[in-house]
Amino acid sequence: MKWINVKENRSGFQFLLKSFFFVAGLFVFDYSIGSLLKYLYFKQNSGPLYEITYSIDSTKADLLIIGSSTAHHDYHPSPFQNRLGVSYYNTSNDGTSLLYHYAVLKSILKRYSPKIVILGFDIGEFKSDQKSYDRLSALLPYYQNHSELRPIIELRSEFEKIKLLSKIYPFNSTIFSVFIRNPYFTGYNLKRKADDNGYVPLNRFDNEPMEIDVPDLKFDPDSNKIDFFKSFIKDCKLSNVDLYIVISPRFIKYPVKDPSVELAKEISDRYNVPFYNYSRDTLFLKHNEYFADRVHLNDNGAKVFSNMIIDRILQNEQKNSVSKKNSWSADSDKK
Amino acid sequence: MLFTSIIYFLFLVSSLVGYYLLPPRYRNYYLIIVSALFYMYVKPSYLILIIFIIVTNYWIGIQIEKSNRKQKSGFLYLSLFINLGILIFFKYWNFLIENLFQLVGLLGVSNTNSPPFLDIVLPIGLSYYIFQIIGYNIDINRGTIKAETNIFDFSLFVLFFPKLMVGPIERANHFLPQLKKRILFKKENIVEGGKRIVWGLFKKLVVADRISIYHDAVMSTVNQQSGATILFASVLYTFQVYADFSGYTDIALGTARMFGYDLMENFKRPLLAKNVGDFWRRWHISLSSWVSDYIFNPIAFKRRDWGNFGVFYALIISFVVIGIWHGATWNYVLFGIVQALALIYETLTRRARKNIAKKVNTVLYRDISIVLTFTFITFSLIIFQSATFSDALNIMKAMFSNHGKFFFDDPPQLTFMLIGCVMLILCDIQEEFRIFNFSLFSNKNWMIQQIAFSLLLVYILIAGVFDGGEFIYFAF
């Protein structure tokens with residue numbers, strides 16, 4: 001072993017010892033700060049991070065909205081509570097995709113079966129997009145305690161398991177939110193408003209002219225998203241959940257059909273699940289006063305849209321009860 | 001393979017272990033294989049191109065040295081033809097063809113054919129290693145270095161993976177002699193290299209990528225943002241580009257150090273430059289010094305009869321090259337011209353500025369100079385970051401005319417960004433002016449130093465952006 005510097009070799013032990021201390025120190029810092037962040041994270045009682053925890057761990061609402069920012073802002077709770085007489089919770093999270101939505105559904109179905117689930121489907125939802133995987137970071141704090149979420153979270157990258165050896169990593173970028181939303185530190189209790197139920201109203205008004213958008217015709221679908229969409233439908237069916245798949249209104253004109261929407265419609269029809277596309281709805285295309293921006297409804301628009309969806313749900317329930325009645329009478333005739 | 005990815009660190013550790021387990025005489029061969037694998041990870045077919053470039057330039061280098069004066073020039077031109085030809089083909093073909101067709105259209109010649117655009121991807125690092133090789137051949141032609149006769153050393157000179165993708169653009173007289181030395185395992189190389197990598201990760205993940213989230217949000221909706229917001233995002237962009245590129249360079253230099261090699265420094269606290277000339281002596285030094293040695297000086301020397309105009313002419317040509325080196329669009333050319341004009345202004349006002357400096361408090365003059373230079377760089381980077389010249393104009397117009405609320409959607413995000421920028425600039429200020437006697441990261445007490453670096457790593461885990469985030473300079 002001539003090539004190993006003998007002089008340096010003498011201090012090799014010291015080097016190894018120092019390296020060991022460095023790694024040990026790093027481990028201690030990571031473990032203690034990570035544990036503190038975890039404790040504080042789950043002690044929050046308001047804000048978007050708390051809403052994720054509430055959606056995954058606590059909600060028992062009869063009607064759930066699952067989706068991205070469009071679903072987050074477009075479904076007003078009061079019409080659902082008043083007209084359908086059900087409890088409502090909006091689990092939607094901005095910037096998320098079907099990967100996240102399916103993860104939320106899985107953890108909810110593990111606890112209970114809601115009566116109705118409305119899945120907000122977005123234009124171009126099936127497109128391959130790294131951001132959809134990146135946004136699964138919102139689920140990292142739940143990796144340890146939610147085995148059902150692990151396979152989905154691990155889709156983020158092939159090295160996600162290695163990254164998750166760190167105790168701090170799952171709480172990356174949350175430190176300030178965790179402190180701000182924590183009554184221990186802020187000194188006052190920013191309690192979630194009782195009537196919010198996860199819904200975030202937008203009170204601005206869009207005065208921008210209508211946009212014409214041609215979706216990317218090169219359709220490069222993400223097979224995970226398509227599989228999750230199918231699994232979403234199947235899991236709801238298995239748990240006897242009435243599923244409605246809805247595309248929210250937009251103040252954008254689409255001259256050509258979106259391949260993701262076409263495929264989602266085809267799959268929904270195959271499974272006999274109601275699929276409502278409001279992205280071309282003329283009522284909304286004529287009324288920009290219903291919009292906060294081109295893709296999100298404001299509070300007023302959310303009320304109008306929610307009532308339209310409730311009409312659809314009531315119609316559907318009526319249709320189902322008639323068909324059940326007919327099949328019952330047909331059965332009794334046979335007898 | 002991103003320098004901030006887990007796979008890179010697995011690759012680095014396994015390569016290092018193999019490297020130091022081998023006898024020194026085999027280590028360079030091993031590094032060639034490792035570097036080739038690294039490049040192949042991006043796209044295996046790139047390796048064919050780089051092997052062609054290595055073999056032809058190895059031969060040309062020897063021919064330049066062996067030949068008489070007339071033949072030397074011939075071989076040098078051959079080298080320029082091959083290397084620039086490859087660069088133009090991959091990087092500038094579509095730009096040239098598009099502009100040629102536009103010119104033909106402007107001249108009134110009817111042409112119904114569509115331009116023969118190429119749908120090819122620029123091989124990563126091409127601009128860097130082509131410039132490095134051109135410099136090598138020019139140096140042989142000038143007689144300042146000897147041609148490398150060992151093809152393995154020459155291959156490693158081109159292929160050495162830490163500098164392969166985003167530089168620094170190494171010089172033969174700096175790097176080739178290092179390849180002749182026996183590299184022994186030294187713990188200092190591992191420790192110092194490691195520290196440099198951690199600092200690079202901080203710059204990239206905590207500062208650059210964090211700012212990029214805010215900057216992208218503002219610039220993608222520039223017409224809806226207030227002037228103050230656009231100005232703030234533009235200032236942050238200066239920090240972002242600096243942190244991004246210098247962070248990458250730190251990781252490259254740290255990696256090379258771990259293997260026992262010293263790459264040239266690429267940044268010397270450029271945000272503290274006192275004038276534009278000073279800025280270009282501190283920013284992307286390997287490129288600016290390359291352009292200075294191989295373009296500016298020869299032109300300025302050739303045009304010395306023109307007096308100042310010869311220098312101005314050389315400046316404009318040099319900065320157009322620096323601009324277009326970044327990419328095949330007119331906004332980069334304009335970015336270069338703006339820098340050249342600023343340097344011409346500085347040349348013309350040098351005496352007047354010296355007179356002012358004598359009359360004003362030194363520290364005050366220095367600080368005002370730093371702020372003014374920073375402001376100029378920030379505004380010129382608006383051209384740099386825009387896809388087209390009209391986009392740049394639109395940003396500047398919106399900055400001075402848009403009213404409305406200041407955009408800070410996410411206070412924690414803003415806090416992370418500001419903490420990162422403050423830490424970065426404080427470290428640069430400390431290195432530049434030595435304000436404090438106490439230093440955490442270069443403290444003589446190893447315990448303090450270790451705790452400082454552990455906490456820096458912890459802060460990277462807390463505040464770093466781990467999703468995506470390509471290096472801006474990969475695009476060049």
Side-chain angles (χ1 to χ4, degrees), chain A residues 1-9 11-12 14-16 18-19 21-34 37 47-49 94 130-131 133-137 140 156-163 166-181 206 208 293, chain B residues 5-10 19-27 182-191 194-195 198 205-206 209-210 213 221 223-224 260 409-416 419 446-447 449-470:
Chain A
M1 302 283 264
K2 280 178 190 170
W3 58 88
I4 291 178
N5 188 328
V6 180
K7 276 185 188 172
E8 289 300 330
N9 219 11
S11 56
Q14 211 181 4
F15 172 64
L16 282 177
K18 282 183 181 177
S19 304
F21 278 123
F22 179 75
V23 174
L26 195 61
F27 176 78
V28 170
F29 281 133
D30 179 71
Y31 188 85
S32 49
I33 296 171
L37 282 173
L49 302 180
D94 296 1
Q130 183 54 41
K131 274 186 184 167
Y133 291 87
D134 293 345
R135 278 296 282 138
L136 287 173
S137 60
L140 288 172
R156 270 170 57 80
S157 77
E158 52 193 328
F159 299 107
E160 208 56 24
K161 274 184 182 172
I162 298 178
K163 290 182 190 171
S166 161
K167 287 266 175 193
I168 293 175
Y169 174 70
F171 304 95
N172 165 263
S173 304
T174 65
I175 189 166
F176 292 116
S177 313
V178 161
F179 276 82
I180 291 165
R181 300 288 178 180
D206 182 33
E208 289 289 313
D293 54 53
Chain B
S5 61
I6 294 276
I7 187 138
Y8 177 71
F9 288 99
L10 294 175
Y19 182 74
Y20 284 113
L21 282 176
L22 279 172
R25 65 175 181 278
Y26 299 123
R27 285 180 184 166
R182 243 167 71 126
I183 304 283
L184 298 172
F185 175 81
K186 284 185 183 170
K187 67 173 195 284
E188 285 80 11
N189 285 341
I190 303 294
V191 173
K195 283 195 227 168
V198 173
L205 297 174
V206 179
D209 287 354
R210 187 60 65 182
I213 298 170
T221 54
N223 291 328
Q224 282 103 56
D409 198 26
D410 186 5
Q413 161 75 14
L414 194 75
T415 318
F416 279 130
I419 290 175
W446 75 270
M447 184 67 100
Q449 215 183 94
Q450 287 211 357
I451 291 173
F453 275 97
S454 303
L455 287 175
L456 188 64
L457 271 171
V458 164
Y459 189 67
I460 292 169
L461 281 170
I462 290 173
V465 177
F466 293 100
D467 300 320
E470 291 263 322

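Between A:Phe21 and B:Trp446, the angle of the ring planes lies from 30° to 60°, which puts this pair in the tilted group.
Proximity to chain B (any heavy atom under 4.5 Å) is restricted, for A:Arg156, to the side chain, taken from C-beta onward. Contact of A:Lys131 with chain B is not made at all, since no heavy-atom distance falls under 4.5 Å. Only the side chain of B:Ile419 comes within contact range of chain A, judged by heavy atoms closer than 4.5 Å. Contacts between B:Gln413 and chain A at a heavy-atom distance below 4.5 Å are absent for every atom of the residue. Proximity to chain A (any heavy atom under 4.5 Å) is shown, for B:Arg25, by neither the backbone nor the side chain.
Of the listed residues (B:Ile460, B:Ile451, B:Leu455, B:Ile190), the one with the most heavy-atom contacts under 4.5 Å to chain A is B:Leu455. Most heavy-atom pairs under 4.5 Å with chain A, from the set B:Ser5, B:Ser454, B:Gly464: that is B:Ser454.
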Report task. Any chance you could lay out the side-chain contact (heavy atoms from CB on, under 4.5 Å) test for B:Phe9 and A:Phe159, step after step, and finish with the verdict? Result -> CA-CA 11 Å; B:Phe9 288 99; A:Phe159 299 107; over 6 Å; no

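Around atom OH of B:Tyr26, no more than 12 heavy atoms belonging to other residues, nucleotides or ligands sit under 6.0 Å away.
Contact check for A:Ser173 versus B:Arg210: side-chain heavy atoms found under the 4.5 Å cut-off.
Atoms CD1 and CG, on A:Ile175 and B:Leu461 in that order, are 11.5 Å from each other to the nearest 0.5 Å. A:Phe22 CZ to B:Gln449 CD: the interatomic distance, rounded to the nearest 0.5 Å, is 10.0 Å. A distance of 11.0 Å separates CZ in A:Phe29 from CG in B:Leu457, rounded to the nearest 0.5 Å.
Less than 6.0 angstrom separates the ring centroid of A:Phe176 from the ring centroid of B:Phe416.
Summarising the geometry of A:Lys163 relative to B:Phe466, their closest heavy-atom pair is NZ-O, 4.3 Å, with the distance given to 0.1 Å.
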